[in-house]
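What follows is a short report on a single structure.
From a predicted model like this one, the values you see are computed outputs, not experimental measurements.
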Amino acid sequence: MTWVLATILLPLVGAAVVAGMKKNDRLATLTALVVSLLTFLLVIPMWASYVPAGDRIQQKSSMDWIPNFGIHISFGIDGIALVMIAVIGLLVPIVVGALGLTDKLPAGRSAGGFLSLILVQEALTIAVFAATDVFLFYVLFEIMLIPMYFLIGGYGGANRQYAAVKFFLYSFLGGLIMLASAIGAYSMASDELGKGTFDWETLVTVVRDAPLGTQIWLFIGFFLAFAIKAPLVPFHTWLPDAAGQAPIGVAVLLVGVLDKVGTFGFLRYCLPMFPEASKELAPWVLVLAVAGILYGSILAAGQRDMKRFIAYVSIAHFGFIAMGIFTFNEQAMVGSVSYMLNHSLATGMLIVVVGLIVMRGGSTRISDYGGMAKVTPLLGGMLLIAGLSTLSLPGTNSFISEFLVLLGSFVDYPVYTIIATVGMVLAAAYVLWLYQRVMQGPVRGDALIGAGGGPGTAIAPELGATKAIKDLGGREIAILAPMVVLIIALGFYPKPVLDTITPSVQATMSSVQGGK
């Protein structure tokens with residue numbers, strides 16, 4: 001058994017165990033935390049055994065599934081998949097450990113049911129990144145919608161059913177379009193090889209030599225599925241609703257991890273399989289990417305709800321990621337892949353901190369807060385760190401990613417790059433605006449400040465009464481500490497990540513440049 005297969009199976013087994021603990025929330029939470037930590041520990045030998053200069057796909061495992069149609073249950077990783085699996089392994093223990101601190105389960109709902117869905121989501125997401133059979137990838141792409149649908153629809157806010165259905169239908173429709181293209185690629189392999197196959201490495205060698213017109217049609221099928229998942233403008237409208245209604249822990253996985261399946265799909269499927277179509281349609285994709293940067297930034301600045309604010313910030317960031325991918329420049333593409341990791345860390349921390357704020361104030365509305373740093377200075381510091389990483393301040397993890405994207409993109413697409421830099425200016429404005437409104441100024445509402453103006457008690461105005469508000473406790477600090485360490489460490493020393501992903505990016509670039 002490979003380390004990859006182990007990281008898929010362990011959360012599934014854990015989910016089955018936790019699901020049976022409906023009457024003991026404490027035991028269910030502890031069990032889920034242990035399982036998620038063990039899964040993260042499995043990532044360490046997986047990373048250690050990965051050889052960046054080795055084969056493109058490593059730690060392979062495969063077994064027949066539907067042999068008559070050339071379908072296999074096949075898994076393997078490259079450097080891009082490895083860093084995404086690593087970030088999943090990190091974020092899930094944080095989500096589990098934060099249960100009760102950032103979210104309260106609805107009445108009558110058990111922690112066992114919620115956490116079992118989280119573990120199933122973890123396993124399916126890891127499997128999606130590791131799948132090397134195109135049909136298996138499609139099946140997992142669709143199945144992983146199911147636990148997320150129930151997590152949003154069963155545990156979310158007042159409009160959770162609408163948000164869950166919208167999320168599911170958008171992604172499901174995109175998957176069906178992708179299936180049509182996958183079947184087209186299968187048929188081409190059948191004509192070329194005398195038998196059909198869904199093996200990714202085989203399809204790359206077959207489909208890449210198809211006529212441009214055929215490539216374009218097949219490319220569009222995959223691209224639409226991934227553009228919806230990412231999401232790129234104008235396929236983005238499901239994200240603000242889903243992120244706004246999802247519980248905080250679910251939003252961490254939705255915005256921090258699941259959306260990366262879309263940008264990962266561009267790199268794994270669209271570019272290597274359809275190189276000529278990718279280059280032909282790249283200018284149109286860049287228009288969507290730059291539009292997303294500006295659109296997401298402008299709408300983020302106008303949001304009144306903190307969770308929807310984060311959703312629009314992410315739309316802007318996905319524009320940067322897509323731009324780096326479709327400029328076909330190695331520096332920009334490396335920046336995009338590292339941005340996928342660093343966005344997960346920065347946004348994951350920002351969502352968790354917002355959850356801690358909401359649990360104290362009882363509202364997601366920005367206007368219901370003010371001056372919280374006076375009574376919760378540690379919490380204010382954590383929001384500042386997450387915000388600075390989000391706006392890509394030098395010295396934080398996101399800076400090198402955004403810098404590489406812009407540096408590489410400017411070589412061939414200077415106009416797009418110059419327009420995109422406006423998004424950087426807007427990011428500084430909307431992040432600092434959020435911090436100033438929530439943490440600075442006078443304490444809003446009925447508030448009692450401790451003697452001498454130090455930490456004391458305060459209240460968000462919608463609660464209607466004075467209530468003690470405490471600063472971060474030991475458990476909350478322990479949850480946030482790993483993300484703070486990585487944000488700073490990768491800000492000053494990103495080499496381990498860049499060395500891991502660069503060979504995979506070079507292999508992708510080679511596939512594109514080797515087209516007809």
Which residues pass the side chain to side chain contact (heavy atoms under 4.5 Å, CB included) test with [X], sequence neighbours left out?
X      : result
Ala6   : Met1, Leu42
Val95  : Ile118, Val252, Leu253
Val43  : Ile85, Ala86
Val287 : Tyr416

Nearest 0.5 Å, please: how far is [atom2] in [Y] from [atom1] in [X]?
X      : Y      : atom1 : atom2 : result
Phe309 : Thr364 : CZ    : OG1   : 13.0 Å
Leu10  : Thr39  : CG    : OG1   : 4.0 Å
Met333 : Ile501 : CE    : CD1   : 11.0 Å
Leu350 : Ile385 : CG    : CD1   : 12.0 Å
Glu122 : Ile8   : CD    : CD1   : 10.5 Å
Thr132 : Leu203 : OG1   : CG    : 11.0 Å

Report yes or no: does [X] contribute a side-chain atom to a donor-acceptor pair with the main-chain N or O of [Y] at less than 3.5 Å?
X      : Y      : answer
Ser511 : Pro272 : no
Thr7   : Val4   : yes
Ser278 : Cys270 : yes
Gln58  : Val51  : yes
Thr205 : Thr202 : yes
Ser504 : Gly79  : yes

List the atom pairs, with distances to 0.1 Å, where a side-chain N or O of residues 311-323 and a protein N or O form a donor-acceptor pair under 3.5 Å, not counting sequence neighbours.
from   : atom 1 : to     : atom 2 : distance (Å)
Ser314 : OG     : Ile310 : O      : 3.1
Ser314 : OG     : His343 : NE2    : 3.1
His317 : NE2    : Thr390 : O      : 3.2

Using side-chain heavy atoms (C-beta onward) and a distance below 4.5 Å, is [X] in contact with [Y]?
X      : Y      : value
Arg308 : Asp241 : yes
Leu407 : Phe403 : yes
Ile77  : Trp3   : no
Glu142 : Leu176 : yes
Ile351 : Ile248 : yes
Thr263 : Ser336 : no
Tyr339 : Glu402 : yes
Leu258 : Gln121 : yes

Between [X] and [Y], which heavy-atom pair has the shortest distance, and what is it?
X      : Y      : value
Phe141 : Ser171 : CE2-O, 4.0 Å
Leu91  : Ser344 : CD1-O, 4.2 Å
Asp133 : Leu136 : OD1-N, 3.0 Å
Gly335 : Ser401 : O-CB, 3.6 Å
Gln215 : Ala210 : NE2-O, 3.3 Å
Asn329 : Gly408 : OD1-CA, 3.2 Å

Heavy atoms of other groups near Tyr155 OH, more than 12 under 6.0 Å: yes
Ring geometry between Phe274 and Phe222 (parallel below 30°, tilted from 30 to 60°, perpendicular above 60°): tilted
Aromatic plane relationship, Phe326 with Phe219 - under 30° parallel, 30 to 60° tilted, over 60° perpendicular: perpendicular
Chi angles and distances behind the side chain to side chain contact (heavy atoms under 4.5 Å, CB included) call for Met509, Gln513: CA-CA 6 Å; Met509 289 291 296; Gln513 294 166 354; 3.3 Å; yes
Test log, rule side chain to side chain contact (heavy atoms under 4.5 Å, CB included), inputs Leu239 and Val255: CA-CA 8 Å; Leu239 181 60; Val255 181; 4.1 Å; yes
Polar side chain donor-acceptor pair, Ser510 to Arg56, under 3.5 angstrom: no
Please enumerate all residues that pass side-chain hydrogen bond (donor to acceptor under 3.5 Å, both in side chains) together with [X], with sequence neighbours excluded.
X      : result
Thr396 : none
Ser49  : Gln59
Glu330 : Gln506

side-chain hydrogen bond (donor to acceptor under 3.5 Å, both in side chains): pairs with one or both residues in residues 281-299, sequence neighbours excluded: His236-Tyr295
Verdict with supporting geometry, Ser392 and Ser398, side chain to side chain donor-acceptor pair (under 3.5 Å): CA-CA 5 Å; Ser392 302; Ser398 300; 4.6 Å; no
Derivation and outcome, side chain to side chain contact (heavy atoms under 4.5 Å, CB included), residues Leu145 and Lys229: CA-CA 11 Å; Leu145 303 177; Lys229 181 67 72 177; 3.2 Å; yes
Check: Phe264 ring centre within less than 6.0 Å of Phe129 ring centre: yes
Phe226/Met178 under side chain to side chain contact (heavy atoms under 4.5 Å, CB included): CA gap, chis, key distance, verdict: CA-CA 9 Å; Phe226 300 140; Met178 178 175 65; 3.7 Å; yes
Pair listing, ring pair (Phe, Tyr, Trp, His ring centres under 6.0 Å) test, anchored in residues 40-91, at least two apart: Trp65-Phe135
Selection residues 243-270 - residue pairs positive for salt bridge (Lys or Arg N to Asp or Glu O under 4.0 Å), sequence neighbours left out: Asp78-Arg268
Can you list, pair by pair, the side-chain donor-acceptor contacts under 3.5 Å of residues 186-198, counting residues two or more places apart and other chains?
from   : atom 1 : to     : atom 2 : distance (Å)
Ser187 : OG     : Ile183 : O      : 3.1
Thr197 : OG1    : Asp199 : N      : 3.1

Sole candidate of Leu345, Val497, Leu341, Ile488 that passes side-chain contact (heavy atoms from CB on, under 4.5 Å) when paired with Asn397: Leu345
